[in-house]
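What you see below is based on every heavy atom in this structure, not just the backbone, and it leaves out hydrogens, waters and symmetry mates.
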Amino acid sequence: VQLQASGGGLVQAGGSLRLSCAASGSYLRVNAVGWGRQAPGKQRELVAVISIASGGTITYADSVKGRFTISRDNAKNTVYLQMNSLKPEDTDVYYCYAVVLRNAVRGPEIFWGQGTQVTVSS
């Protein structure tokens with residue numbers, strides 16, 4: 001399973017960006033898809049997730065609630081993260097991830113895409 005993230009960039013505070021993550025490869029089922037972010041020297045923070053196995057439940061980190069929106073396009077195997085009202089503290093490398101069942105023997109596995117840099121200037 002390969003995940004390709006894109007859409008990062010430089011934006012002024014208050015601006016917006018939309019990240020995309022395209023998935024490819026073979027699998028039986030996707031249990032969850034989401035986005036995390038990480039600054040150098042810090043732990044990775046999970047910011048948004050769609051729990052497909054739980055009927056599409058969406059959960060956001062408190063730090064992004066009301067500003068970020070996660071969505072997915074099944075036909076395109078793509079997950080999006082719409083980020084509005086961006087703040088300088090949102091500056092991070094953003095990673096998409098998927099919890100995937102490739103076969104019944106291995107059980108669910110988590111795959112991470114490469115990061116995309118988001119920089120918010122004040």
Query raised in the report: Checking side-chain contact (heavy atoms from CB on, under 4.5 Å) for the pair Leu17/Val118: CA distance, chi angles, key distance, verdict?
Result: CA-CA 9 Å; Leu17 282 173; Val118 171; 3.9 Å; yes
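- Applying the side chain to side chain contact (heavy atoms under 4.5 Å, CB included) rule to Ser6 yields the partners Ser20; only residues at least two apart in sequence or on another chain are considered.
- The same ILVMFWY cluster, assembled from side-chain heavy atoms under 4.5 Å apart, contains both Val30 and Val1.
- Using a 4.5 Å heavy-atom threshold, the side chains of Val100 and Arg29 count as separate.
- Each ring pair (Phe, Tyr, Trp, His ring centres under 6.0 Å) pair with one or both residues in residues 72-102, not counting sequence neighbours, appears once here: Tyr97-Trp112.
- Shortest non-hydrogen contact noted between Gly8 and Thr116 is N-OG1, 3.1 Å.
- The side-chain heavy atoms of Asn77 and Arg72, taken from C-beta on, include no pair separated by under 4.5 Å.
- The disulfide bond (SG atoms under 2.5 Å apart) pairs that include a residue from residues 91-122 are Cys21-Cys96, where partners are two or more places apart or lie in different chains.
- The side-chain hydrogen bond (donor to acceptor under 3.5 Å, both in side chains) contacts involving residues 52-61 comprise Ser51-Ser54, where partners must be two or more places apart or lie in separate chains.
- Partners of Asn84 according to the side chain to side chain donor-acceptor pair (under 3.5 Å) rule, which considers only residues two or more places apart in sequence or in another chain, are Ser16, Gln82.
- Inter-residue side-chain proximity for Gln12 and Pro88 is flagged as unmet; no heavy-atom pair is nearer than 4.5 Å.
- Under the 4.5 Å side-chain heavy-atom criterion for grouping Ile, Leu, Val, Met, Phe, Trp and Tyr, Met83 is not connected to Leu46 through any hydrophobic cluster.
- Side-chain heavy atoms closer than 4.5 Å link hydrophobic residues (I, L, V, M, F, W, Y) into clusters, and following such links, possibly through other members, connects Leu19 to Val11.
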Requested in this report: Let me see the working for Arg102 and Leu28 under side-chain contact (heavy atoms from CB on, under 4.5 Å), right down to the final yes or no.
Outcome: CA-CA 5 Å; Arg102 289 197 289 176; Leu28 294 179; over 6 Å; no
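- In the hydrophobic cluster analysis, where Ile, Leu, Val, Met, Phe, Trp and Tyr join through side-chain heavy atoms closer than 4.5 angstrom, Phe111 is grouped together with Val47.
- To the nearest 0.5 angstrom, Thr78 atom OG1 is 6.0 Å from Asp73 atom CG.
- Under the 4.5 Å side-chain contact rule for hydrophobic residues, Ile110 and Leu3 do not share a cluster.
- Between Arg37 and Val64 the shortest side-chain heavy-atom distance falls below 4.5 Å.
- Taking 4.5 Å as the limit, every side-chain heavy atom of Ile70 sits out of range of all side-chain heavy atoms of Val49.
- Residues satisfying the salt bridge (Lys or Arg N to Asp or Glu O under 4.0 Å) test with Glu89, not counting sequence neighbours, are none.
- Gln114 places a side-chain N or O within 3.5 Å of a backbone atom of Ala5 that can act as its donor or acceptor partner.
- For the pair Asp92 (side chain) and Ala39 (backbone), a donor-acceptor distance under 3.5 Å is present.
- Using a 4.5 Å cut-off on side-chain heavy atoms (C-beta onward), Asp90 and Arg67 make contact.
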Report task. List the steps and the verdict of side-chain contact (heavy atoms from CB on, under 4.5 Å) for Val99 and Glu109. Result -> CA-CA 5 Å; Val99 180; Glu109 301 171 271; over 6 Å; no
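- Phe68 places a side-chain heavy atom less than 4.5 Å from the side chain of Leu86.
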Report task. Go through the steps for Lys87 and Ser63 under the test side-chain contact (heavy atoms from CB on, under 4.5 Å), then give the verdict. Result -> CA-CA 10 Å; Lys87 306 174 182 179; Ser63 57; over 6 Å; no
